[in-house]
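Accompanying notes for the structure given below.
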Amino acid sequence: KFLLTMAILFLLPLCANATPIMKDFNENGTIQDGDYYDQVNIWDSAIVNMVGGVVTSTINTYNTSTLNISGGTVQGPPLTFIYLHDSSALKLSGGLFYSTWIYPHESTVNIYGYDLEWVIDSSKRVHGYWADNTEFLITLARIENATIVLHEIPEPFTLSLLSFGFLVMRRKVKHFY
């Protein structure tokens, strides 16, 4: 434990002085495990799939670009912002979101999960669960001209019951005459 503590104390100041990493996608790409960005910009009609990795500050989508988030972590010190510009699209089906605000402006946001519900208090938020049972709470701002679509997917237990029922129905029955 002592060595681990000393290693953390040694590496922490080095990380604090790290240069922010900005990534521009002008064509299709992927954010995956091992990627760590402070800011991501998606241009033109690029499609970016986030399946892992970490974004800590801002994600911007421009023109008719699309961001698909099915994994990874979107977190900020203290907040992370996702700005959708120029009729771009955001599709959310997984991932971890901590203190994340989404500004869709005139774009489209599709959220795929189960037990989805709007939480209207001082802000507009969506609460629910991803297909892997991970709970999420996402804050949306300036949605007046945006299209927000909540897609209810079957929860995993229901899906497994349906699969079991299908297998039972397909079972061949012996007929005795």
Side-chain angles (χ1 to χ4, degrees), residues 12 14-151 153:
L12 195 57
L14 295 175
C15 293
N17 295 326
T19 303
I21 300 172
M22 185 173 76
K23 175 69 175 175
D24 284 313
F25 288 95
N26 293 305
E27 52 190 42
N28 297 350
T30 302
I31 300 171
Q32 57 196 353
D33 288 336
D35 292 342
Y36 186 94
Y37 302 118
D38 293 306
Q39 181 174 340
V40 172
N41 298 310
I42 306 168
W43 301 93
D44 303 322
S45 57
I47 298 171
V48 173
N49 297 307
M50 183 172 180
V51 296
V54 177
V55 178
T56 64
S57 180
T58 306
I59 301 173
N60 290 296
T61 61
Y62 298 98
N63 309 110
T64 57
S65 62
T66 300
L67 172 61
N68 301 314
I69 301 178
S70 61
T73 303
V74 179
Q75 69 179 26
L79 298 172
T80 301
F81 300 98
I82 300 176
Y83 294 103
L84 307 174
H85 306 277
D86 310 321
S87 301
S88 56
L90 173 63
K91 296 177 184 173
L92 302 173
S93 61
L96 300 174
F97 295 84
Y98 301 104
S99 301
T100 302
W101 284 67
I102 299 172
Y103 289 82
H105 300 289
E106 296 179 353
S107 298
T108 301
V109 177
N110 289 285
I111 301 174
Y112 297 84
Y114 68 92
D115 289 341
L116 299 174
E117 64 179 345
W118 281 100
V119 178
I120 308 292
D121 46 24
S122 60
S123 56
K124 296 171 183 81
R125 299 182 287 173
V126 175
H127 174 264
Y129 298 87
W130 302 129
D132 66 359
N133 295 322
T134 302
E135 186 176 15
F136 67 87
L137 180 66
I138 297 170
T139 304
L140 296 135
R142 297 187 185 148
I143 64 171
E144 294 78 22
N145 296 317
T147 302
I148 313 293
V149 183
L150 305 181
H151 300 271
I153 61 170

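Excluded from the calculations below are hydrogen atoms, water molecules and symmetry mates; all remaining heavy atoms, backbone and side chain alike, are included. Keep in mind that what you see is a predicted model, and the values were worked out from it rather than measured.
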- Task: Please name the pair of heavy atoms, one in Ile31 and one in Asp35, separated by the smallest distance, quoted to 0.1 Å.
- Result: CA-OD2, 3.5 Å
- What one should report as the nearest heavy-atom pair of Ile148 and Pro104 is CD1-CG, 4.0 Å
- Message: Test: side chain to side chain donor-acceptor pair (under 3.5 Å). Region: residues 135-150. Which pairs qualify, not counting sequence neighbours?
- Response: His127-Glu135
- Message: Any heavy-atom pair between the side chains of Phe25 and Leu67 that's under 4.5 Å?
- Response: no
- Task: Any chance you could lay out the side chain to side chain contact (heavy atoms under 4.5 Å, CB included) test for Ile102 and Leu92, step after step, and finish with the verdict?
- Result: CA-CA 11 Å; Ile102 299 172; Leu92 302 173; 3.9 Å; yes
- Worked verdict on Val40 versus Val48 for side chain to side chain contact (heavy atoms under 4.5 Å, CB included): CA-CA 10 Å; Val40 172; Val48 173; 5.6 Å; no
- Item | Approximate separation, where rounding is to 0.5 Å, of Thr100 OG1 and Arg125 CZ | 12.5 Å
- Query: Hey, are the side chains of Tyr37 and Thr56 touching, using non-hydrogen atoms and a 4.5 Å cut-off?
  - Reply: no
- So, the side chain of Asn28 versus the backbone of Ile47: is there a donor-acceptor pair under 3.5 Å, distance only? yes
- Note on the structure: Minimal heavy-atom distance between Ser88 and Ser107, with the atoms involved, is O-CB, 2.8 Å
- Task: Check whether any side-chain heavy atom of Val74 sits under 4.5 Å from a side-chain heavy atom of Met50, and report yes or no.
- Result: yes
- Query: When rounded to the nearest 0.5 angstrom, what is the spacing between NZ in Lys91 and OG in Ser70?
  - Reply: 12.0 Å
- Message: Please give me the minimum heavy-atom distance between Leu116 and Gly128, naming the atom from each residue.
- Response: CD2-CA, 4.0 Å
- Query: Can any side-chain N or O of Asn68 pair as donor or acceptor with the backbone N or O of Asn49 at less than 3.5 Å?
  - Reply: no
- Task: Find out whether Gln75 and Leu96 are in side-chain contact, i.e. whether some heavy atom of one side chain is under 4.5 Å from a heavy atom of the other.
- Result: no
- Query: Would you call Ile69 and Phe97 a side-chain contact if the rule is heavy atoms closer than 4.5 Å?
  - Reply: yes
- Is it true that a side-chain atom of Asp38 and a backbone atom of Ile21 form a donor plus acceptor pair closer than 3.5 Å? yes
- CD1 (Ile59) and CD1 (Ile42) are apart, to the nearest 0.5 Å, by 6.5 Å
- If you measure from CG on Asn41 to NZ on Lys23, what distance do you get to the nearest 0.5 Å? 11.0 Å
- Validation row: Thr61, Leu90 side chains within 4.5 angstrom (heavy atoms): no
- Note on the structure: For Phe136, the ring pair (Phe, Tyr, Trp, His ring centres under 6.0 Å) test, sequence neighbours excluded, returns Trp130
- Message: Working to the nearest 0.5 angstrom, can you tell me the gap between Leu150 CG and Tyr112 OH?
- Response: 11.0 Å
- From Ser99 atom OG to Phe81 atom CZ, the distance as rounded to the nearest 0.5 Å: 9.5 Å
- Closest approach of Ala46 and Asn26, non-hydrogen atoms and distance? CB-C, 4.0 Å
